[in-house]
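Have a look at the structure below before the remarks.
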Amino acid sequence: MPRLSRKTVLPLLVLLLGLALAFVIANSRPDPQPEQVPETAPPSVTVTRVEPYSGTVSLRSQGVLRPRREIDLLAQVGGVVTDVAEGFVEGAFFDAQALLLQIDPRDYENALSRARARLADARQALATERGRARQARLEWRELGDPEANALFLREPQLASARAQVEAAAADVRQAEIELQRSAIRAPFAGRIVSLQADLGQFVPAGAAVATIYASDRAEVALPLSARQRELIDLGELEQGLAVTLRAGGSASWTATVRRVAARVDEQTRQLDLLAEIAAPFEGDSPLLIGQFLEAEIPSRPFDGLMRLPRSALRPGERIWIIDGEQRLRILPVRLLQSDDEAVTVQLSAGQGAALRVVTSYLARVEDGMAVMVGGQGADS
């Protein structure tokens, strides 16, 4: 058997020693122990306690005051203006049936006199014809013929005379009307916007002499969006819906809505509520036509309302509440009204108890997640 050389034995010994050392190290290492992961504290939230209530919400709108009735006052007969009322100036108020302007009445007085003369002649002719008809009947009886001829009895002539009287009487009435129309009077109590005629001016029949509007009532068109219209019962407007109007100050006026515009605006898709104001130009704070007004319109009654800070409303019309087990719940609501400071929402059916509503922000939210109430807001 050949003998191993020294150069062959040494590498084998080193290899055996390395294997033995690796075996000892592998068997002497301790078993791994499970690492304790520190528990993370639940996120802290700030809440406010809110008690649901039943009531209405105030819808916001705005509009411009305009006359309820505005017309061009026309001259129904022509002539020269011979007199004007002292208050026939722009901006002046007037009473119903007040004389505003007088057209020269002499031509119409003369026409009335001639018409009365023709009526007198027609009545005389009728009386004469009646006498002739009576005489004709007497003569016919003396002849002894039971059947009288209508022409012999002058019946056509009598009918013509009666018609002449009626026509002459109609001419008198027409002349009286035209004479009355020479005095231009206000058809209602109102205010003068502008003048188109003055003293000494010739005014043809049918020409406008002034633009006027009625002062007993004014109105303002209040546009509502589709969402706002859902909160009002438009079918109940005939009974009257009271709205509050303001012009930017402390003064307020009450208007009544009984009707809506005939159609939705094609550009804005809004529908106008037409609010009427009684006696708008009286009192300590009279309104002005063209004045901008802001309106508060009450909705129909709702149950389960809550008024919350704007920070409490989440995207998709949801709020976060904390239940009795300190867990966060995502609750859908219906947004009814919003302003710069707060929102008014309606809870779903069955939600009537007081709720703790989260007002702070969380980056990650899951329904049912544990939270810690770190701050308590004032009760709403």
Any side-chain heavy-atom pair of [X] and [Y] under 4.5 Å:
X      : Y      : answer
Arg334 : Leu336 : yes
Leu273 : Ser61  : no
Ile277 : Arg217 : no
Ile103 : Val80  : no
Leu328 : Ile322 : yes
Thr211 : Ile71  : no
Arg60  : Glu296 : yes
Val203 : Val81  : yes

Please report the interatomic distance [atom1]([X]) to [atom2]([Y]), rounded to the nearest 0.5 Å.
X      : Y      : atom1 : atom2 : result
Gln337 : Arg307 : CD    : CZ    : 5.5 Å
Gln157 : Arg162 : CD    : CZ    : 11.5 Å
Leu101 : Leu73  : CG    : CG    : 8.5 Å
Ser44  : Met372 : OG    : CE    : 4.5 Å
Ile289 : Phe281 : CD1   : CZ    : 4.0 Å
Arg130 : Leu126 : CZ    : CG    : 4.0 Å

Donor-acceptor contact present, side-chain [X] to main-chain [Y], <3.5 Å:
X      : Y      : value
Arg310 : Asp339 : yes
Arg66  : Ala221 : no
Glu282 : Ala279 : no
Gln102 : Ser182 : yes
Arg327 : Met369 : no
Ser54  : Asp303 : no
Gln228 : Ser225 : yes
Thr128 : Gln124 : yes
Asp95  : Ala98  : no
Gln201 : Asp198 : yes

[X] to [Y] - nearest heavy-atom pair and separation:
X      : Y      : result
Val260 : Leu234 : CG1-CD2, 4.3 Å
Ala275 : Leu222 : CB-CD1, 4.1 Å
Ala208 : Gln196 : O-CB, 3.3 Å
Ile232 : Pro298 : CG1-O, 4.4 Å
Ser299 : Phe302 : OG-CE1, 3.6 Å
Ala175 : Ala115 : CB-CB, 4.3 Å

Review point. Is the number of heavy atoms from other residues, nucleotides or ligands under 6.0 Å of Arg181 CZ greater than 12?
Key: yes
Review point. Is it true that atom CD of Gln97 has more than 12 heavy atoms of other residues, nucleotides or ligands lying nearer than 6.0 Å?
Key: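 More than 12 heavy atoms, drawn from other residues, nucleotides or ligands, come within 6.0 Å of this atom.
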May I ask whether [X] and [Y] are part of the same hydrophobic cluster, defined by side-chain heavy atoms of I, L, V, M, F, W, Y residues being less than 4.5 angstrom apart, directly or through others?
X      : Y      : answer
Ile212 : Val89  : no
Leu274 : Leu231 : no
Val345 : Leu59  : no
Ile184 : Val193 : no
Val209 : Phe188 : yes

Point to revise | Stacked cation flag Arg314 on Trp320, 6.0 angstrom / 45 deg | key: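 Ring-cation test returns yes.
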**Study point:** Charged tip of Arg68 within 45° of Tyr213 ring normal and under 6.0 Å
**Key:**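 No.
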Review point. Do Thr82 and Asp104 have a side chain donor and acceptor closer than 3.5 Å?
Key: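 No.
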Review point. Where do Arg259 and Glu276 land on the salt bridge (Lys or Arg N to Asp or Glu O under 4.0 Å) test, with the steps shown first?
Key: CA-CA 9 Å; Arg259 56 196 176 93; Glu276 293 185 5; 3.7 Å; yes
Review point. Given the rule in the salt bridge (Lys or Arg N to Asp or Glu O under 4.0 Å) test, do Arg329 and Asp323 qualify, once you have shown the distances and angles that lead to the verdict?
Key: CA-CA 7 Å; Arg329 300 297 179 183; Asp323 63 12; 3.1 Å; yes
Practice item. Check step by step if side chain to side chain contact (heavy atoms under 4.5 Å, CB included) holds for Arg258 and Glu238. Key: CA-CA 5 Å; Arg258 289 191 174 89; Glu238 292 183 359; over 6 Å; no
Review point. Pick one: which of Leu355, Thr359, Val358 meets side chain to side chain contact (heavy atoms under 4.5 Å, CB included) with Thr48?
Key: Thr359
**Study point:** Ion pair check, Glu366 and Arg364, cut-off under 4.0 Å
**Key:** yes
**Study point:** Basic-acidic side-chain contact under 4.0 Å: Arg116, Glu109
**Key:** no
**Study point:** Test log, rule side chain to side chain contact (heavy atoms under 4.5 Å, CB included), inputs Leu195 and Glu90
**Key:** CA-CA 7 Å; Leu195 305 178; Glu90 291 185 7; 4.2 Å; yes
**Study point:** side chain to side chain contact (heavy atoms under 4.5 Å, CB included) evaluation trace for Val343 with Leu335
**Key:** CA-CA 7 Å; Val343 295; Leu335 177 62; 3.9 Å; yes
Point to revise | Trace of the side chain to side chain contact (heavy atoms under 4.5 Å, CB included) decision for Ser215 with Phe94 | key: CA-CA 9 Å; Ser215 59; Phe94 52 83; over 6 Å; no
